[in-house]
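Remarks on the structure that follows.
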Amino acid sequence: MIGMLSFWVLDIATEVEDGPVAWIWSIGEDGSRLIVKEPFRPVFYLTGGDLEGISTCLEASKDFPISSFSLVERRLSGRPLRAVMVSAMTDELEGLAERLRRKCGAEGVFEADIRASSQFLMRRRIRPSSWHAVEASESEAIGGYKVYRASGDYQRLERVGTPDLKVLAFDSLLLASRGTPKPEVDPAIAISAVTDRGEERQFSGDEAGLLRGFIGLVEGYDPDVVVGFNTNRRLLPYLAERCRRLGFSLSIGRLGAEPRTSVYGHQSLQGRLNIDLYDLAEETPEIKLETLEEYSSYLGLKVEYDTIDEYDLAEAWGKERSRVLEYSMQRARGIMEVYKAVSDYIFSLSEITGLPADHVLTAATGFRVENYLMGLAMEAGELVPPRGEAAYMTYAGGVVMEPRAGLHEDVAVIDFKSMYPNIMMKYNISFDTLSVDGVHRAPNLPHAFKEEVGFIPRALKGLLEERERARRLADMHPEGSVERRVLEARQRALKVIANATYGYMGWTGARWYCREAAEATSAWGRETIRSAMERAKGLGLEIIYGDTDSLFVRDDPERIRSLLGWISEALGMEARVDRRYRKVLFTEAKKRYGGLRDDGRIETVGLEVVRGDWSAIAKEAQLAALEAILKEGREEAVERVRETIEALREGRVPIKKLIIWKKLTKGVEEYEVAAPHVTVAKRMIEAGWSVKPGDMVGFIIMRGRGRLYEKAVPYFEADPSRVDVDYYIEKQVIPPVARLLSAIGIPERTLGELVLKK
DNA sequence: TGTAGGCATCCATACCTGTCGCT
DNA sequence: AGCGACAGGTATGGATGCCT
């Protein structure tokens, strides 16, 4: 029974049966969950001077797991290259390729370091998280899932959006008598779960019972997506270990599989997507503390949390158990809501980059860009180079103007649209167009680029055209519709990948690292913005500030229109007025300003207000002063500061507002100099808490003698009566506001007097 | 398992200088 | 006078987190 099968690709896996077989976990058009199976042979290439010799040698290598080999024409950095393509009967290519290279005297090996499942997706042009059709015959079902054998080519189907996925969000509580729970000794005490249909379940009490209850729920509901917060690095490995100790396994994958540790700490669930929203929170710059609560409020979700700090959990569990359980359920609900808000973006990113939806979140930006480029390379017959280790060499970046300090009225901000991608396309900047006699010569650099369209510019063109298409289509659908939401998420994902391509080229770890290309891009960028500044001056526009691809000018619609026209015609680039300020305040510092937008909102850039490593009281004080400066006057601004100082003096500031958070960026032993958050982290570790690189450490400065790092204590241990109020006044509140006030002519002395005035 | 460079800011630390007490 | 201890000032660089 052969017929066309349409399906949406959920996840991909490879198994070795007689040879490697790809399993595509999918959702059929009728909503059934199914597996498309196809045997395939991952390949690698051998290159060298004597391809005939290599071939003869391969002929005599029947004892190796090779299915076939052939002489093929490919390209390397755009230049034609002949190579021997070897098809393997194993999915462990690197060892095989290296042994054959040595045995047969080949010089180069290509693509042996690309995982079998990635090769399958790219060669067969299958994009995860999207619809395809293929000729297939039904074969024996496995564990209730229909299985199809695919034959022939896969066609991509133009269809917006995902099928109706079954989603399960969960949260789990772990209880330790002391410090951070350890899976060897400390139990899970509750698991809360919510389905996309709104069903809620909570398991608690006997640990074996609650874990079995959760496993039963997963088996029964059979979700396509399991979503949580901090599941990859923490919860899933923890729960799996608890199960093992209790004598059973955490079989929450399809076909009863346990979670498997996959690349970079990702936990893989067979046949399901395991999505950890913490990964997404981590890469969202607006989110500083990386908590579920913060993420929910950033997304503007109406979810209630009666938060219980992890440091208070043990005590709360003893005293107010029902409140703890309710909080756990609130978290599960919150996780589901966050998932619903971000899932379109995740699936778009997955489809564009070609990485399965659960892996795309754990992959860093560079690997997302690279996976996208690898897909294009395979289509174009361009060999994918191995990951090298280029020596780190820095180069010049964007230009930043010295701002005109002070308060300015009616300022327009002109932005170049996608400046770097457009420069790379305009001057055909790419690793395969770099050439000494190229027609495009980078300003003040010995780099030049050929005429014939390069790999990177072609990739960018594809991304930007696709983005335009997504935007146009989005506009054709009504506001609030599923299609519009999905298409908008798609255009955002496309923009992210396009904008990261410049940085990717300058990344020494990139397969297609090309410092010359990155360096030339920023050089043309500097030339572009400088010539725009010249022109603006020539037109009589008053320039206030500029950074890389933006220009702040006193608003003057007529002259600005003329400047934008010139940029389009003479530079062949596009710029637009991105925003307007009724008032904007600059200090002497670059990259820091605050303004009153034309829509009445206050906007802060670079100032302490937006930084996560200042206490809330300092940030509030600065924002209040800024608001007063922009909306009222200087006296009011000073008055706001006075009020804050007074509140601190009188002990009216809640201790939470005094917490200073800093990220521990490496192990505590690796630090060269003592710092408050490091000594606090050390103390916490001694007390049994796990504090690892990447964790945020919150501390408060207490009265006492010695260095600052000797006066810092973990925030949850701080005694409010012993807080070093003077530190908060003199080192936290005053400096940030003083910088703003001095920009409008109020000397720091004035604030000093405020402090003395008791 | 790291997109890039440019930048402000705080604080620890090393180093320098001058003063003081002691021999 | 010569020496070391110490206080105070300054230059430097580690560390963090922002901007485009």
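First the proteins, then the strands, lettered A, B, ... as listed; each starts at 1.
Under a 3.5 Å cut-off, the side chain of A/T291 and the backbone N or O of A/E294 do form a donor-acceptor pair. Not a single donor-acceptor pair under 3.5 Å links the side chain of A/D695 to the backbone N or O of A/L664. Between the side chain of A/E730 and the backbone N or O of A/Y727 there is no donor-acceptor pair closer than 3.5 Å.
For the pairing with A/L373, the side-chain contact (heavy atoms from CB on, under 4.5 Å) check across A/I497, A/V384, A/I456 returns one residue only, A/I456.
The shortest distance between the side-chain N/O atoms of A/Y671 and the OP1/OP2 oxygens of C/dT16 is below 4.0 Å. Of the side-chain N and O atoms in A/K288, one or more sit less than 4.0 angstrom from OP1 or OP2 of C/dC18. Applying the 4.0 Å criterion to OP1 and OP2 of C/dT16, one finds that A/T665 has a side-chain N or O inside that range.
A/Y513 comes within contact range of no nucleotide atom at all, as no heavy-atom separation falls under 4.0 Å. Within the 4.0 angstrom heavy-atom criterion, no nucleotide atom of any strand lies near A/V678. Among the protein residues, A/V369 comes within range of no part of the nucleic acid, since none of its heavy atoms lies under 4.0 Å from any strand. Among the protein residues, A/G509 comes within range of no part of the nucleic acid, since none of its heavy atoms lies under 4.0 Å from any strand.
Between A/E111 and A/R511, no side-chain nitrogen of the basic residue sits less than 4.0 Å from a carboxylate oxygen of the acidic one, so the salt-bridge criterion is not met. Under a 4.0 Å N-O distance rule, the pair A/K583/A/E627 does not qualify as a salt bridge.
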- Per-nucleotide protein contact string for nucleotides 2-13 of chain B (B base, S sugar-phosphate only, - none; heavy atom under 4.0 Å): SBSBBSSSSSSB
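Whole-Å rounding puts the A/H677 NE2 to C/dG17 P distance at 7 Å. Taking atom CD1 of A/I287 as the reference point, atom C1' of C/dG17 lies 16 Å away to the nearest angstrom. Taking atom CD1 of residue A/I529 and atom C1' of nucleotide C/dC19, one finds them 14 Å apart after rounding to whole Å.
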